[in-house]
Amino acid sequence: MAREDSVKCLRCLLYALNLLFWLMALCVLGVAAWLRDYLNNVLTLTADTRLEEAAILTYSPVVHPVVIAVCCFLIIVAMVGYCGTLKCNLLLLSWYFGSLLVIFCVELASGVWTYEEPSVQRSDMISLKSRMPNYGLQRYQWLTHAWNSFQTEFKCCGVIYFTDWLEMTEMEWPPDSCCSDQYPGCARHAHHRDLSDLYQEGCGPKIYSFIRGTKQLQVLRFLGVSIGVAQILAMTLTLTLLWALYYDRKPPDPAPTDPVTHTHSHCPTEEPQKPGHVHSRPSEAWASAPLNGHAQFEMEQLS
């Protein structure tokens with residue numbers, strides 16, 4: 001009874017952990033997809049600079065296709081673990097344990113890679129100005145889109161200040177993506193009338209902060225650590241459940257044979273009588289004789 005209760009408790013814990021795996025894997029996929037859009041814009045703006053290398057070093061482990069595939073695989077593994085726990089199938093539970101071990105090793109390597117600090121300094125932000133003269137050109141539409149998206153999302157303008165656009169390009173006013181309230185011609189209107197309608201902070205510090213690590217990256221790191229701890233617990237519970245199910249299905253050991261019975265079964269039924277040995281069978285016969293005679297006398301009296 002105690003073992004049945006233990007197995008039931010182990011199964012309930014594994015159900016909860018598999019549900020937790022599904023939720024955390026979906027959260028990792030969602031945050032990684034959200035970060036990927038920003039990372040593409042940053043890589044476009046920082047191409048051929050030290051900033052690009054630092055961004056790749058920081059974010060590639062968490063948005064790498066291998067990590068995305070591992071999260072998708074974890075969802076499938078959690079489903080298999082749920083089915084194996086539900087049916088108490090030793091084969092499915094063994095495959096579940098092995099898969100969790102492989103995923104844990106991949107996540108551990110990714111975590112160590114992610115925590116490496118990028119070698120980037122604020123002075124490297126000046127190199128972003130080299131990407132500004134190509135803004136608005138027909139063959140650099142992808143660069144124009146990257147600047148507009150980054151300035152809109154991070155609410156910044158230029159590299160250090162919005163005057164960088166006037167300094168590095170032939171533009172007479174910044175792009176419309178620098179406006180806090182965007183509409184066609186808003187930058188020209190703000191440049192001639194009210195500069196406060198333009199973002200006052202440059203994009204250089206924003207990119208620097210992004211490369212050093214964002215809150216979303218911290219969330220991914222926390223989820224990675226949480227998944228790793230949950231996997232260790234799940235593997236421990238799976239091994240315990242496998243051990244309990246294996247010994248429940250193991251055939252019982254044969255009952256030990258009574259040594260006395262075993263001796264008589266292999267011994268002859270009649271032993272030669274030794275000299276001086278009085279056999280107990282005649283005495284038993286004599287002892288039972290009066291009992292039989294007395295019983296016969298009572299039967300005659302009743303008749």
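Numbers here are sequence positions counted from 1.
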**Request:** For side chain to side chain contact (heavy atoms under 4.5 Å, CB included), just list the numbers for Tyr82 and Tyr15, CA-CA rounded to whole Å, side-chain angles, deciding distance to a tenth of an Å, and then say yes or no.
**Result:** CA-CA 6 Å; Tyr82 181 86; Tyr15 290 150; 3.6 Å; yes
**Request:** Output the distance between atom CD (Gln231) and atom OG (Ser226), rounded to the nearest 0.5 Å.
**Result:** 11.0 Å
**Message:** Tell me whether the count of non-hydrogen atoms from other residues, nucleotides or ligands lying under 6.0 Å of CD in Glu170 goes above 12.
**Reply:** no
**Asked** Phe154 vs Phe150 aromatic rings, parallel, tilted or perpendicular, using cut-offs 30° and 60°?
**Response** parallel
**Asked** Is there a path from Met132 to Leu166 through hydrophobic residues (I, L, V, M, F, W, Y) whose side chains come within less than 4.5 Å of each other?
**Response** no
**Request:** Report the C-alpha distance between Tyr161 and Glu201 in whole Å, list the side-chain angles of each, state the deciding distance to 0.1 Å, and finish with yes or no for side chain to side chain donor-acceptor pair (under 3.5 Å).
**Result:** CA-CA 6 Å; Tyr161 198 55; Glu201 187 176 1; over 6 Å; no
**Message:** Tell me which one of Thr46, Asn41, Leu39 satisfies side chain to side chain contact (heavy atoms under 4.5 Å, CB included) with Phe210.
**Reply:** Leu39
**Asked** Of the non-hydrogen atoms in Asn148 and Thr152, which two are nearest, and what is the gap between them?
**Response** O-OG1, 2.8 Å
**Request:** Share the residues that join Tyr199 in a hydrophobic cluster, the rule being Ile, Leu, Val, Met, Phe, Trp or Tyr side chains under 4.5 Å apart at the heavy-atom level.
**Result:** none
**Message:** side chain to side chain contact (heavy atoms under 4.5 Å, CB included), that's the test. Do Leu198 and Ser180 meet it? Break it down for me.
**Reply:** CA-CA 6 Å; Leu198 300 175; Ser180 55; over 6 Å; no
**Request:** Supply the atom-to-atom distance Leu29 CG to Met24 CE, rounded to the nearest 0.5 angstrom.
**Result:** 12.5 Å
**Prompt:** Could you state the interatomic distance from CG (Leu239) to CG (Leu10), rounded to the nearest 0.5 Å?
**Reply:** 11.0 Å
**Prompt:** So, Ser177 and Gln182: side-chain donor and acceptor under 3.5 Å apart, yes or no?
**Reply:** no
**Residue pair Cys71 / Val28: nearest heavy atoms and the distance that separates them** = SG-CG1, 3.4 Å
**Asked** Should we say atom CZ of Arg11 is surrounded by more than 12 heavy atoms from elsewhere, each under 6.0 Å from it?
**Response** yes
**Asked** So do the side chains of Trp22 and Leu19 get within less than 4.5 Å of each other, counting heavy atoms only?
**Response** yes
**Request:** Check whether any side-chain heavy atom of Ile103 lies under 4.5 Å from a side-chain heavy atom of Ile227, and answer yes or no.
**Result:** no
**Message:** Going by the rule side-chain contact (heavy atoms from CB on, under 4.5 Å), which residues pair with Ser130 if we only count those two or more places apart in sequence or in a different chain?
**Reply:** none
**Asked** So, for Trp147 and Trp142, is the gap between ring centers shorter than 6.0 Å?
**Response** no
**Request:** Decide yes or no on ring-ring contact (aromatic ring centres under 6.0 Å, His included) for Phe97 and Trp95, but give the supporting numbers first.
**Result:** CA-CA 5 Å; Phe97 173 81; Trp95 186 87; over 10 Å; no
**Message:** Against Asn89, only a single residue in Leu92, Thr85, Leu93 fulfils side chain to side chain contact (heavy atoms under 4.5 Å, CB included); can you say which?
**Reply:** Leu92
**Request:** Using disulfide (SG to SG under 2.5 Å) as the criterion, list what pairs up with Cys179, not counting sequence neighbours.
**Result:** Cys186
**Prompt:** Aromatic ring centroids of Trp173 and Phe162 under 6.0 Å?
**Reply:** no
**Asked** Which pair of heavy atoms, one from Gly136 and one from Thr144, lies closest together, and at what distance?
**Response** N-OG1, 2.8 Å
**Prompt:** Would you say the side chain of Asn134 lies within less than 4.5 Å of the side chain of Leu137, judging by non-hydrogen atoms?
**Reply:** yes
**Asked** Looking only at heavy atoms, which two atoms of Leu128 and Gly204 are closest? And how far apart?
**Response** CD1-CA, 4.1 Å
**Request:** Determine the minimum heavy-atom distance between Asn18 and Tyr96, stating which atoms define it.
**Result:** OD1-OH, 2.6 Å
**Working for side chain to side chain contact (heavy atoms under 4.5 Å, CB included), residues Thr238 and Leu242** = CA-CA 6 Å; Thr238 303; Leu242 283 171; 4.2 Å; yes
**Item:** Cys9 side, atom SG; Leu241 side, atom CG - distance, nearest 0.5 Å
**Value:** 11.0 Å
**Item:** Phe104 to Gly228 - nearest heavy-atom pair and separation
**Value:** CE1-O, 3.8 Å
**Asked** Is there a path of hydrophobic side-chain contacts, each under 4.5 Å between heavy atoms of I, L, V, M, F, W or Y residues, that connects Leu143 with Trp165?
**Response** yes
**Complete:** The reported gap from CG in Leu26 to CD1 in Ile75 (rounded to nearest 0.5 angstrom) is 4.5 Å
**Asked** Quick one: are Val80 and Ser99 in side-chain contact, heavy atoms under 4.5 Å?
**Response** no
**Request:** Identify whether Leu237 and Val102 are in the same connected component of the hydrophobic contact network (ILVMFWY, side-chain heavy atoms under 4.5 Å).
**Result:** no
**Request:** Would you indicate whether Cys157 and Cys203 have their SG atoms under 2.5 Å apart?
**Result:** no
**Prompt:** Side-chain heavy atoms under 4.5 angstrom apart, residues restricted to Ile, Leu, Val, Met, Phe, Trp, Tyr: same cluster for Leu195 and Ile160?
**Reply:** no
**Backbone of Ala187 reached by a side-chain donor or acceptor of Asp176 within 3.5 Å** = yes
**Message:** I need the His189 NE2 to Asp181 CG distance, nearest 0.5 Å.
**Reply:** 11.0 Å
**Asked** Is there a side chain to side chain contact (heavy atoms under 4.5 Å, CB included) between Lys129 and Glu167 once you walk through the steps?
**Response** CA-CA 10 Å; Lys129 291 185 177 182; Glu167 175 186 350; 4.0 Å; yes
**Item:** Side chains of Leu100 and Leu74 in contact at under 4.5 Å (non-hydrogen atoms)
**Value:** yes
